[in-house]
> 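The following block contains the structure, expressed as structure tokens.
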Amino acid sequence: GLGDVYKRQMRGDVFMHYSKTNKVCATCAYWTGSRNLVNSGNSSEPTSNSAKCQIPNGSNRGSTKFCSSSCSNWAKWPVLK
């Protein structure tokens with residue numbers, strides 16, 4: 001749950017980093033989860049484990065997806081280099 005994530009953050013545990021070449025939800029423009037830009041703008045560090053997909057038209061529209069999930073409609077998160 002969210003409490004666990006908060007506790008992990010307080011302990012200083014490192015979140016997973018996903019490279020911009022890794023075509024997963026964490027690096028996708030359509031994923032609504034909170035994430036940080038890390039590694040000089042080359043990677044995404046999701047701080048939420050799952051969030052809704054905002055693709056305008058696609059099978060995953062409105063569905064909750066894990067940051068590590070992937071699909072054929074991936075589009076690079078615009079702030080990534």
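These values consider heavy atoms only, across backbone and side chains, with no hydrogens, waters or symmetry-generated copies.
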> Decide if atom NZ of K23 counts as having more than 12 heavy atoms of other residues, nucleotides or ligands within a radius under 6.0 Å.
no
> State which residues pass side-chain contact (heavy atoms from CB on, under 4.5 Å) with S40; sequence neighbours excluded, sorted by chain then number.
N42, K81
> Could you go step by step and tell me if N49 and C67 meet the side chain to side chain contact (heavy atoms under 4.5 Å, CB included) rule?
CA-CA 6 Å; N49 197 30; C67 56; 4.1 Å; yes
> List, by chain and then residue number, the residues other than Y30 in its hydrophobic cluster (Ile/Leu/Val/Met/Phe/Trp/Tyr, side-chain heavy atoms under 4.5 Å); write none if there are no others.
I55
> Distance from M16 atom CE to N22 atom CG, nearest 0.5 Å?
7.5 Å
> So Q54 and W31, do their side chains get closer than 4.5 Å, heavy atoms only?
no
> Is the backbone N or O of T21 less than 3.5 Å from a side-chain atom of S19, with the two atoms forming a donor-acceptor pair by type?
yes
> Could you state the interatomic distance from SG (C71) to NZ (K65), rounded to the nearest 0.5 Å?
6.5 Å
> Which residues pass the side-chain contact (heavy atoms from CB on, under 4.5 Å) test with K52, not counting sequence neighbours?
T32, T64
> Give a yes or no answer on whether the side chain of S48 reaches the backbone of S34 with a donor-acceptor pair at less than 3.5 Å.
yes
> Does P46 reach the side chain of Y18, with side-chain heavy atoms less than 4.5 Å apart?
yes
> Rounded to the nearest 0.5 Å, what separates atom CG in L80 from atom SG in C28?
10.5 Å
> Please name all residues satisfying side-chain contact (heavy atoms from CB on, under 4.5 Å) with S59, sequence neighbours left out, ordered by chain then number.
none
> Within the structure provided, determine whether E45 and R35 are in side-chain contact (heavy-atom separation under 4.5 Å).
no
> If the condition is side chain to side chain donor-acceptor pair (under 3.5 Å), which residues does N39 pass it with, not counting sequence neighbours?
S43
> Per the side-chain hydrogen bond (donor to acceptor under 3.5 Å, both in side chains) rule, what does the pair list look like for residues 66-79, sequence neighbours excluded?
T27-W74
